[in-house]
2 protein chains.
Amino acid sequence: MQNESTANSIEATNIPLTERLFDALQRAIVEGEIPQGSKISEPELARQYGVSRGSLREAMARLEARKLVERKPNLGARVVSLSYEQLIEIFQLREALEGMAARLAAQNMTDKEIEELQRLLNQHGEQIAEQHGQAYFQKQGDLDFHYRIVQGSKNKQLIELLCNDLYHLLRMYRYQFGMRSKRSQQAFEEHQYLINVISARDPEMAELLMRQHIRASRRNVESVLLEKL
Amino acid sequence: MQNESTANSIEATNIPLTERLFDALQRAIVEGEIPQGSKISEPELARQYGVSRGSLREAMARLEARKLVERKPNLGARVVSLSYEQLIEIFQLREALEGMAARLAAQNMTDKEIEELQRLLNQHGEQIAEQHGQAYFQKQGDLDFHYRIVQGSKNKQLIELLCNDLYHLLRMYRYQFGMRSKRSQQAFEEHQYLINVISARDPEMAELLMRQHIRASRRNVESVLLEKL
DNA sequence: CAACATTAAAGTGTCGACACTTTTTAAATA
DNA sequence: TATTTAAAAAGTGTCGACACTTTAATGTTG
């Protein structure tokens, strides 16, 4: 009955349709496949994905809760569009949250996890040396690094919040603005410092360094963005 | 067609049913009307509120996104139950987020807002003097105070996150554990210090004090809770 | 021709129905 | 009587339908 060959059709699994749909839409939005600020027509989108409106609506409700779409009663939904101001606000959030994450990571990461983190960073170092300027891997690597520290905090609420909510927004702005970092070498070194103080089990210092690191990253974004406008 | 006299029926407005439903359910969960950890039967709940399952499901999807209910495919949904550990985790989040909020508030609150905040605190002072031990108003007052500072940060993401997500969880645990503070006088004084440094436009100090304040509050919760178990 | 009124089209809000899963109840067997 | 099996009940996943609202198209009048 269902058209499985539709361009955007969702693969069949035992996972609920609504959930697959939610993931697919989230990805599509984050990667700009559905452009920022564009209006969403429920019947059309449902048709594209080969699902009923009911299922779509459930997924949309969750997207709305994650601030990826905005809905106004009777007027329909549109994909959010990130403004410069919002981006700055997100960096302030990150500073607070990841600062705390680093603090907790210094207390709660296992030695093995720290070793693995160091290994990951070494890889990044090689990549930076080899493919100088390849922004994509650097950005991905940066996110990986931060991701692990958040996990290392062992605070489930924090992990949820950062990894499931905030990082998607962050990836979204990277796709949108096509950011490329001019400070990968600098960031790399800051990451190394961070590992050092975490190894030394110094929570205070870990938080401080992480906050500085994120502030520096924000300043970079500001300058890159301002020269674009 | 619809039974308007059902016990839990939602009033008729122009606001979408799903939204009213979401608010009603959130309130019911936060206040313990629907008890922690209880299983939710969609048909039954839909009947209770006099709505269709479709509408209910949409509301549930949003509640799930806010971590107020947990759903497992084909097995149904249940209200979350706050554990001691989770509560501690939430306090760590608050420390980070409200610390940042206080920092920003010291920069961004208007003089008028600060005045009003002082007025609010004076009221609290009177209430504490009058009805010594009346925990409810104190707790409510405490939340009011924190609420205003968050608003004063002028960071929309932060406001959303704290006021729409986290505070509900907090109110929920207060209802659940029936907390009463033994340190209202102490908290009152800390609030006053906070206003002082915000007035002095000292972001650094504002963050520091707020974090101390929340840490103290957490220690209080810990001790009260531990003597209960 | 522009401004307004009037349909028509599209879109959203809400519901009820049905298939498939899990849980419960009942029956049957060792 | 305890355990396994079978049938029934309840519950979840997904869909299509219809009423009401907004937007677009069309026609009408000054």
Side-chain angles (χ1 to χ4, degrees), chain A residues 1-6 8-26 29 34-35 37-65 68-80, chain B residues 1-6 8-26 29 34-35 37-65 68-80:
Chain A
M1 172 115 288
Q2 221 152 285
N3 181 6
E4 278 299 343
S5 61
T6 307
N8 278 324
S9 82
I10 315 276
E11 285 169 37
T13 52
N14 49 345
I15 300 172
L17 179 56
T18 291
E19 197 155 321
R20 277 149 33 215
L21 198 52
F22 172 76
D23 291 340
L25 287 174
Q26 173 164 259
I29 289 175
I34 306 176
S38 66
K39 187 165 177 307
I40 288 178
S41 157
E42 290 179 6
E44 174 163 343
L45 203 60
R47 195 182 44 69
Q48 278 182 343
Y49 283 83
V51 303
S52 83
R53 263 185 66 221
S55 304
L56 178 78
R57 265 171 143 267
E58 241 177 89
M60 296 272 292
R62 291 167 58 179
L63 289 171
E64 189 188 7
L68 288 174
V69 310
E70 280 172 346
R71 208 189 320 205
K72 283 172 189 167
N74 280 317
L75 296 185
R78 39 182 10 115
V79 179
V80 298
Chain B
M1 173 117 283
Q2 222 153 283
N3 181 5
E4 278 299 342
S5 61
T6 307
N8 277 324
S9 83
I10 315 276
E11 283 170 38
T13 51
N14 50 343
I15 300 173
L17 178 56
T18 291
E19 197 154 321
R20 274 145 39 210
L21 197 52
F22 172 76
D23 291 340
L25 287 173
Q26 173 164 260
I29 290 174
I34 306 176
S38 66
K39 188 165 176 308
I40 289 178
S41 157
E42 291 179 6
E44 174 164 342
L45 203 60
R47 193 182 45 69
Q48 278 182 345
Y49 284 83
V51 303
S52 83
R53 264 186 65 223
S55 303
L56 178 78
R57 266 173 142 264
E58 242 177 86
M60 295 274 291
R62 289 168 60 180
L63 289 172
E64 189 188 7
L68 287 174
V69 310
E70 281 172 346
R71 206 188 323 204
K72 284 173 187 165
N74 279 316
L75 296 185
R78 40 181 9 115
V79 179
V80 298

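Chain identifiers are assigned alphabetically (A, B, ...) following the order of the sequence lines, protein sequences preceding nucleic acid strands; residue numbering begins at 1 within each chain.
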Quick one: side-chain contact (heavy atoms from CB on, under 4.5 Å) partners of [X], sequence neighbours excluded?
X       : value
A:Pro73 : B:Pro16
B:Val80 : B:Glu70, B:Met172
B:Ser41 : B:Pro43, B:Glu44

Given atom [atom1] of [X] and atom [atom2] of [N], what is their separation to the nearest angstrom?
X       : N      : atom1 : atom2 : answer
B:Leu17 : D:dC20 : CG    : C1'   : 14 Å
B:Arg47 : D:dA10 : CZ    : C1'   : 13 Å
B:Leu45 : D:dA10 : CG    : P     : 17 Å
B:Asn14 : D:dA19 : CG    : P     : 21 Å

Subject >> For B:Glu19, salt bridge (charged side-chain N to carboxylate O under 4.0 Å, His left out) partners two or more places apart >> reply: none

Subject >> Residues in salt bridge (charged side-chain N to carboxylate O under 4.0 Å, His left out) contact with B:Arg53, at least two apart in sequence or another chain >> reply: B:Glu42

Any N/O pairs under 3.5 Å between the protein and nucleotides 7-12 of chain C? List them or say none.
residue, atom, partner, partner atom, Å
C:dG11, OP1, A:Ser41, OG, 3.4
C:dT12, OP1, A:Ile40, O, 3.3
C:dT12, OP2, A:Glu42, N, 3.0

Subject >> Distance, nearest 0.5 Å, that separates CD1 of A:Ile34 from CG of A:Leu68 >> reply: 10.5 Å

